[in-house]
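Counting starts at 1 for both ligands and their atoms, following the listed order.
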Amino acid sequence: MKKNSTLDLITKTPLLHLDKITNGNGIIYGKLEYLQPGGSLKDRVAYQIIKDAYNSNQLKKGQLVIEMTSGNMGAGLAVVCKQFGNPFIAVMSKGNSPERRKILKALGSEIILTEQVDGQPGMVTGKDIEFAANIAKEIAKQRDGFYVDQFNNPSGIRAHFETTGPEIWNDLNEIEVFLASVGSGGTFIGTSRYLKSKNKNIKCIAVEPENASILKTGKILNPKHIIQGTGYGMIPPLWEIDLADEIITVTDQEVEEMTRRLSSKQGLYVGYSSGANVKAALKYLEMTKSDKVIVTILCDYGYKYTDL
Ligand SMILES: Cc1ncc(COP(=O)(O)O)c(C=O)c1O
């Protein structure tokens with residue numbers, strides 16, 4: 001298979017039957033988003049945001065691009081900005097794993113690390129990312145940069161509505177349940193909106209950390225958890241409650257066990273949010289005692305996490 005640009009490696013990820021994970025009831029497919037060049041689901045969002053920014057004249061060739069990132073959006077932007085000829089600065093909380101810094105540096109981006117407010121290494125909270133975002137916005141202002149603003153930028157949802165949703169539908173129109181963890185909410189909102197437009201009976205389920213389940217309970221018992229990139233204890237600005245038929249929560253222990261099982265049993269070395277998604281899919285099958293066909297997202301590689 002011949003490709004002419006790194007950008008051609010973004011989108012069109014495969015769906016894999018996770019045959020070593022289920023107990024015989026139901027079928028779970030993982031969409032292998034980590035196979036993209038930046039190593040995560042955020043590559044398609046980065047590509048869409050930069051294309052849309054050029055098309056709306058918000059961004060010009062050579063202009064600085066800046067974003068607050070947990071690492072994955074930064075890696076996606078680093079890859080995409082290189083192809084478009086824009087320098088990129090990633091502003092990242094120190095709580096995100098050092099492996100993420102290494103990847104960003106290797107991809108040629110400038111990195112600014114920010115202090116944690118109430119999190120700890122490996123556990124980045126909503127307050128930590130708010131602090132980082134304010135610094136990113138300030139730098140964008142000072143240096144006439146384009147601030148990506150993944151939490152408020154509708155191009156993120158558009159990326160998933162125009163690519164993730166159609167890819168899943170075209171590969172597997174017998175899908176009955178879609179399930180995804182929530183950071184900015186772009187993956188869940190865009191994909192769910194597309195799938196429901198094709199078949200309104202498809203159940204869409206959001207996944208949250210048990211003790212920071214703001215969407216399900218409105219409460220945060222503990223903002224710290226291991227599912228980096230998700231569960232920031234705030235309702236994402238573009239959240240659409242009507243798309244979520246249900247919300248399933250998972251504990252750190254469940255997530256860790258499932259993430260390790262995906263590596264050791266299925267041969268997929270993925271990160272914690274992938275484990276969270278698959279654990280929630282199994283919980284759904286157990287709770288409903290059903291044999292439904294489920295699709296969920298395998299978001300990023302395990303090599304981005306210190307202790308995996
Ligand atoms: C590892 C990981 N999983 C899941 C997500 C959640 O994706 P979204 O922002 O589309 O809700 C992110 C977002 O950055 C992430 O980095």
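Across Ala276, Gly183, Gly271, Gly74, heavy-atom proximity to atom 6 (C) of ligand 1 is greatest for Gly183. Taking only non-hydrogen atoms, the option from Ser184, Gly39, Gly156 nearest to atom 9 (O) of ligand 1 is Ser184.
Residue contact check: Tyr305 has heavy atoms under 4.0 Å from atoms 1 (C) of ligand 1. With ligand atoms numbered from 1 in the order given, ligand 1 contributes 8 (P), 9 (O), 11 (O) to contacts under 4.0 Å with heavy atoms of Gly185. Residue Asn72 has at least one heavy-atom neighbour below 4.0 Å for each of these atoms of ligand 1: 1 (C), 2 (C), 15 (C), 16 (O). The ligand atoms of ligand 1 that sit less than 4.0 angstrom from a heavy atom of Thr230 are 3 (N), 4 (C), 5 (C). Against a heavy-atom cut-off of under 4.0 Å, Val182 is close to the following atoms of ligand 1: 11 (O).
In terms of protein heavy-atom proximity, atom 7 (O) of ligand 1 is closest to Thr187 OG1, 3.6 Å. Remark: minimum distance from atom 3 (N) of ligand 1 to any protein heavy atom is reached at Ser273 OG, 2.7 Å.
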Ignoring hydrogens and angles, write down the donor-acceptor pairs under 3.5 Å from the side chains of residues 173-181, residues two or more places apart or on other chains.
| residue | atom | partner | partner atom | Å |
| --- | --- | --- | --- | --- |
| Glu176 | OE1 | Val293 | N | 2.8 |
| Ser181 | OG | Asn277 | OD1 | 3.2 |

Compile the donor-acceptor pairs under 3.5 Å between side chains in residues 226-236 and protein atoms, sequence neighbours left out, one pair per line.
| residue | atom | partner | partner atom | Å |
| --- | --- | --- | --- | --- |
| Gln228 | OE1 | Arg100 | NE | 3.3 |
| Thr230 | OG1 | Ile227 | O | 3.1 |

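Residue contacts with ligand 1: Lys42 is placed with a nitrogen or oxygen under 3.5 Å of a nitrogen or oxygen of the ligand (distance criterion only).
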